[in-house]
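For reference, the structure is listed below as structure tokens.
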Amino acid sequence: MSLAEVNITNLVKKQFSFKTRAFLGVFSSLAMTQILGIILSLTGVASSGFFSDELEINLYYYSANMVIMLSMIWALISGILITARATRYDDFSFVTNRLSSNIANILFLITASVVAGILAMASSYFLRIITYFDSDVQLHIAGGVYAKPNELLIGIIATVLLLLLFSSIGYFVGMLIQINKVFSILLPVLLFGLMVVDGVSGGDNVKKVYEFIFKEASLGLFTVKIIVISALLFVTSIIMTNRLEVRK
């Protein structure tokens, strides 16, 4: 049977199912990462106070930002690891081709981003509940223990998109490293060098890129930007796989 005779949809389904079972460790590491984020967040992400002769007020601010930040790092690393040579060779357990393998990888990363995004936002409830019952002083939680449904939905969408962006960056970086190991050294040096040059020259290019992506006020525009950037990174990664050796 030739590859041309195999339905690519069926190939992708089989490979996606296989990867979901084979990469359960990815979700285990996600759970540990987010638990760590929750623990670190219990001390509060910021604090302020007011003092007088007869009164002392301490304010502690809690949020799931730490959980989300650690989840973004997790997504980046997961995107890189899924491109590892040993992982790619697992695909040859099937009658497969580069395209179906890449599509299955991308679908897995999308699924992982959705799961991680939902859990990251759910962690905000854990923080609210823990601080509500654990605190021995008067406590005020903005919006109550439960967030409004529309706010929760917006938070989930934004978090999932951020995780998708970082997983696509990781996938792109991983493919570059598979093409040539020198990129594992060159990319960090290049990134650090660009930041130093931008800082020394008084430029604000890094700031502009950051604000263009992460400071977008409109959820619709933010969604379009993330999807376009992620799609470009994934497509470029697929094209680059043509340069990888074909295993006999």
Do L99 and L232 sit in the same hydrophobic cluster, where Ile, Leu, Val, Met, Phe, Trp and Tyr count as joined when their side-chain heavy atoms come under 4.5 Å apart? no
Ignoring hydrogens and angles, tell me if any N or O in the side chain of S78 forms a donor-acceptor pair with the backbone of A75 under 3.5 Å. no
Could you check whether any side-chain N or O of K225 sits under 3.5 Å from a backbone N or O of F212, counting only pairs where one atom can act as donor and the other as acceptor? yes
Going by heavy atoms in the side chains, are L219 and I157 under 4.5 Å from each other? yes
Identify which one of I35, L119, L70 satisfies the side-chain contact (heavy atoms from CB on, under 4.5 Å) criterion when paired with L30. L119
Residue pair I213 / I226, side-chain heavy-atom distance below 4.5 Å: yes
One should read off an interatomic distance between I227 CD1 and L161 CG, to the nearest 0.5 angstrom, of 6.0 Å
When every non-hydrogen atom of S41 is compared with those of M66, the smallest separation belongs to OG-CB, 3.3 Å
Any side-chain to backbone donor/acceptor pair from W74 onto A31? Under 3.5 Å, distance only. no
Are the side chains of I229 and I169 in contact, using a 4.5 Å heavy-atom criterion? no
So how far is it from S29 OG to L24 CG, rounded to the nearest 0.5 Å? 11.0 Å
Under a 4.5 Å cut-off applied to non-hydrogen side-chain atoms, are L163 and S71 in contact? yes
In terms of heavy-atom contacts, E216 and S218 come closest through OE2-N, 3.1 Å
Would L187 and L233 show up in the same hydrophobic cluster when neighbours are defined by side-chain heavy atoms closer than 4.5 Å? yes
Co-membership, hydrophobic cluster, residues M32 and F27, 4.5 Å side-chain: no
Heavy-atom closest pair, residues L176 and F183: O-CD1, 3.2 Å
Hydrophobic clustering (ILVMFWY, side-chain heavy atoms < 4.5 Å, transitive) - are M69 and I118 grouped together? no
If you apply the rule side-chain contact (heavy atoms from CB on, under 4.5 Å), what do you find for F234 with I239, and how did you get there? CA-CA 9 Å; F234 281 134; I239 294 174; over 6 Å; no
Decide side-chain contact (heavy atoms from CB on, under 4.5 Å) for L42 and L127; before the verdict, give the C-alpha distance in whole Å, the side-chain angles of both, and the deciding distance to 0.1 Å. CA-CA 7 Å; L42 289 176; L127 286 172; 3.7 Å; yes
Below 4.5 Å, heavy atoms only, C-beta onward: do I238 and I106 meet side chain to side chain? yes
By the rule that ILVMFWY residues connect when side-chain heavy atoms come within less than 4.5 angstrom, directly or transitively, which residues belong alongside V189? I185
Quick one: CE on M72 to CG on L165, what's the gap to the nearest 0.5 Å? 7.5 Å
So NZ of K13 and CD1 of I103: to nearest 0.5 Å the spacing works out to 13.0 Å
With a 6.0 Å cut-off on the ring centroids, do F16 and F108 count as close? no
Sidechain-backbone polar pair: S17 side chain, K14 backbone, donor-acceptor under 3.5 Å: no
What is the ring orientation for F214 with F166, classed by angle as parallel under 30°, tilted 30 to 60°, or perpendicular over 60°? tilted
Minimum-distance pair of heavy atoms, taken over all atoms of I82 and G79: CG2-O, 3.3 Å
Just verifying a value: how many Å separate L162 CG and S113 OG, rounded to the nearest 0.5 Å? 10.0 Å
N/O donor-acceptor pair under 3.5 Å between Q34 side chain and A116 backbone: yes
M175 side chain reached by N102 side chain, heavy atoms, under 4.5 Å: yes
Assigning hydrophobic clusters by single linkage (Ile, Leu, Val, Met, Phe, Trp, Tyr; side-chain heavy-atom cutoff under 4.5 Å), is I179 placed with F172? yes
Passes side-chain contact (heavy atoms from CB on, under 4.5 Å), N105 versus S101? Steps please. CA-CA 6 Å; N105 287 339; S101 176; 4.0 Å; yes
Residues A120 and T159: closest non-hydrogen pair is CB-CG2, 4.1 Å
Ignoring hydrogens, what is the shortest heavy-atom contact between V160 and G117? Give both atom names and the distance. CG2-CA, 3.9 Å
Just so I know, are the side chains of T83 and I177 near enough to count as touching, which here means a heavy-atom distance under 4.5 Å? no
Do the non-hydrogen side-chain atoms of I80 and Y171 ever get within less than 4.5 Å of each other? no
Step by step, would you call L81 with V26 a side-chain contact (heavy atoms from CB on, under 4.5 Å)? CA-CA 10 Å; L81 292 180; V26 170; over 6 Å; no
